[in-house]
Amino acid sequence: MDEDFMRAAMAQAALAAEQGEVPVGAVAVRAGEIIAVGRNLRERSQDPTAHAELIALRAAAARLGTFRLDDVCMYVTLEPCPMCAGAMVNGRVRRVVWGADDPKAGATRTLYQLGDDPRLNHRFEGVGGVLASECAEQLSSFFKALRARQKGEAPASR
């Protein structure tokens, strides 16, 4: 099931890329059903908090009528940053599953382990590496094409 939900998050990431956004996608799942989706919208909204995870968290809370998302699992294509991991702690998310690790801002395994920090009021289960190479490729392809456009070159075809 993790791979199926990660593919749904990857579909959201693809939509973000089509809009010129960094391709990160997220889905919130409860009882085996996707209840909310999110994708990066920082460029479009000019909002530094418009990360895929926060958009999905807000939509899940609105749908459920509570910020307590203790029976929700979040699937994200890129390891959450400190802001997003902190929001998932505050939202009391049960489980977070991510694809690619983020060596620059990862806050669930790579740089920090916010979901497992005993000093915080809540901990969540973290599972990394689900479809990691596919998620990483989605990001690297986006940035490769972006660099090519910035140099005025056509991106290389596969």
Side-chain angles (χ1 to χ4, degrees), residues 1-17 19 21-140 142-143:
M1 291 287 283
D2 284 349
E3 289 185 3
D4 292 338
F5 291 126
M6 187 60 70
R7 283 188 176 82
M10 290 177 70
Q12 289 298 311
L15 291 172
Q19 295 177 328
E21 299 281 351
V22 173
V24 177
V27 297
V29 175
R30 179 179 182 222
E33 174 191 353
I34 295 173
I35 61 165
V37 300
R39 62 182 174 274
N40 272 4
L41 293 173
R42 290 187 325 163
E43 295 295 332
R44 178 169 280 226
S45 66
Q46 291 301 298
D47 177 354
T49 70
H51 287 205
E53 300 96 310
L54 294 185
I55 292 166
L57 279 170
R58 288 178 187 133
R63 179 167 178 181
L64 298 176
T66 181
F67 76 89
R68 292 177 181 88
L69 305 175
D70 53 3
D71 55 354
V72 170
C73 179
M74 291 291 299
Y75 290 84
V76 188
T77 59
L78 181 64
E79 180 182 4
C81 71
M83 174 180 67
C84 294
M88 288 185 263
V89 167
N90 285 314
R92 294 163 174 76
V93 169
R94 180 179 59 83
R95 186 170 182 251
V96 177
V97 179
W98 68 92
D101 285 345
D102 186 351
K104 294 181 180 178
T108 53
R109 174 168 65 194
T110 306
L111 298 178
Y112 309 100
Q113 296 81 38
L114 291 182
D116 194 34
D117 190 324
R119 297 168 295 180
L120 300 176
N121 68 329
H122 174 74
R123 289 182 226 154
F124 56 74
E125 176 188 355
V127 178
V130 175
L131 299 179
S133 59
E134 292 94 328
C135 291
E137 175 60 29
Q138 204 172 29
L139 285 157
S140 63
F142 173 82
F143 285 113

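We count residues from 1, following the sequence as given. These values consider heavy atoms only, across backbone and side chains, with no hydrogens, waters or symmetry-generated copies.
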Visitor: Locate the shortest heavy-atom distance separating G32 from F5; write the atom from each residue and the value.
Guide: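 Of all heavy-atom pairs spanning G32 and F5, the closest is O-CZ, 3.5 Å.
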Visitor: Please report the closest heavy-atom contact between A87 and L54, naming both atoms and the distance.
Guide: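 Of all heavy-atom pairs spanning A87 and L54, the closest is CB-CD2, 3.3 Å.
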Visitor: For Q19 and L41, run side chain to side chain contact (heavy atoms under 4.5 Å, CB included): C-alpha distance rounded to whole Å, both residues' side-chain angles, the deciding distance at 0.1 Å, then the answer.
Guide: CA-CA 8 Å; Q19 295 177 328; L41 293 173; 3.4 Å; yes
Visitor: If I take atom OH from residue Y75 and atom CE from residue M1, how far apart are they, to the nearest 0.5 angstrom?
Guide: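 The distance works out to 7.0 Å.
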Visitor: R94 and F124: side chain to side chain contact (heavy atoms under 4.5 Å, CB included), yes or no, with the steps?
Guide: CA-CA 5 Å; R94 180 179 59 83; F124 56 74; over 6 Å; no
Visitor: Quick one, W98 and V130 - any side-chain contact, counting heavy atoms below 4.5 Å?
Guide: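 Not touching, per the 4.5 Å side-chain cut-off.
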Visitor: Provide the full list of salt bridge (charged side-chain N to carboxylate O under 4.0 Å, His left out) pairs with a residue in residues 124-135, sequence neighbours left out, each pair given once.
Guide: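 Every salt bridge (charged side-chain N to carboxylate O under 4.0 Å, His left out) pair that includes a residue of residues 124-135, provided the two are not neighbours, is R95-E125.
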Visitor: Report yes if some heavy atom in the side chain of L57 is under 4.5 Å from a heavy atom in the side chain of M74; otherwise report no.
Guide: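 Yes, side chains in contact.
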Visitor: Is R7 close to L131 at the side-chain level, that is, under 4.5 Å between some pair of heavy atoms?
Guide: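 SC-SC contact between L131 and R7 confirmed.
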Visitor: Using modelled atom types and a 3.5 Å cut-off, is there a donor and acceptor pairing between side-chain atoms of Q138 and backbone atoms of A13?
Guide: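 Looks like no, no N/O pair under 3.5 Å.
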Visitor: Are M83 and T49 packed together at the side-chain level, in the sense that at least one heavy-atom pair is separated by less than 4.5 angstrom?
Guide: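 Yes; the side chains approach each other to less than 4.5 Å.
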Visitor: What side-chain donor-acceptor pairs closer than 3.5 Å can you find for residues 59-73, not counting sequence neighbours?
Guide:
unit_1: R63; atom_1: NH1; unit_2: I35; atom_2: O; d: 3.3
unit_1: R63; atom_1: NH2; unit_2: E33; atom_2: OE2; d: 3.2
unit_1: T66; atom_1: OG1; unit_2: R68; atom_2: N; d: 3.1
unit_1: D71; atom_1: OD2; unit_2: R30; atom_2: NE; d: 2.8
unit_1: D71; atom_1: OD2; unit_2: R30; atom_2: NH2; d: 3.4

Visitor: Of all heavy-atom pairs between A36 and A56, which one has the smallest distance, and what is that distance?
Guide: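 Minimum heavy-atom contact is CB-O, 3.5 Å.
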Visitor: Ignoring hydrogens, what is the shortest heavy-atom contact between N121 and R92? Give both atom names and the distance.
Guide: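 Distance-wise, the nearest heavy atoms are ND2-NH2, 3.6 Å.
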Visitor: Give the minimum heavy-atom separation between L114 and G86, together with the two atoms involved.
Guide: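 For L114 and G86, the tightest heavy-atom pair comes out as CD1-N, 4.1 Å.
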Visitor: Indicate yes or no: at least one non-hydrogen side-chain atom of N40 is less than 4.5 angstrom from one of H51.
Guide: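 When only atoms from C-beta onward are counted, H51 and N40 do touch, with a gap below 4.5 Å.
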Visitor: Measure the spacing between CE of M10 and CD of E137 and express it to the nearest 0.5 Å.
Guide: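 One gets 9.0 Å once the value is rounded to the nearest 0.5 Å.
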Visitor: Given side chains that start at C-beta, do those of P80 and V96 come closer than 4.5 Å, heavy atoms only?
Guide: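 Contact flag for P80/V96 side chains = yes.
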Visitor: Would the distance check show the side chain of E21 and the main-chain N or O of R42 forming a donor-acceptor pair, the cut-off being under 3.5 Å?
Guide: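 Flag set: sc E21 to bb R42 pair under 3.5 Å.
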Visitor: Any idea which heavy atoms bring G25 and Q12 closest together, and the distance?
Guide: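 Scanning both residues, the minimum pair turns out to be CA-CB, 3.9 Å.
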Visitor: Drop me the distance from E79's CD to C135's SG, to the nearest 0.5 angstrom.
Guide: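 Between atom CD of E79 and atom SG of C135 there are 12.0 Å.
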Visitor: Among residues two or more places apart or on two chains, list those pairs meeting salt bridge (charged side-chain N to carboxylate O under 4.0 Å, His left out) that have a residue in residues 100-124.
Guide: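 Counting only pairs at least two positions apart or across chains, the salt bridge (charged side-chain N to carboxylate O under 4.0 Å, His left out) contacts touching residues 100-124 are D101-R109, D117-R119.
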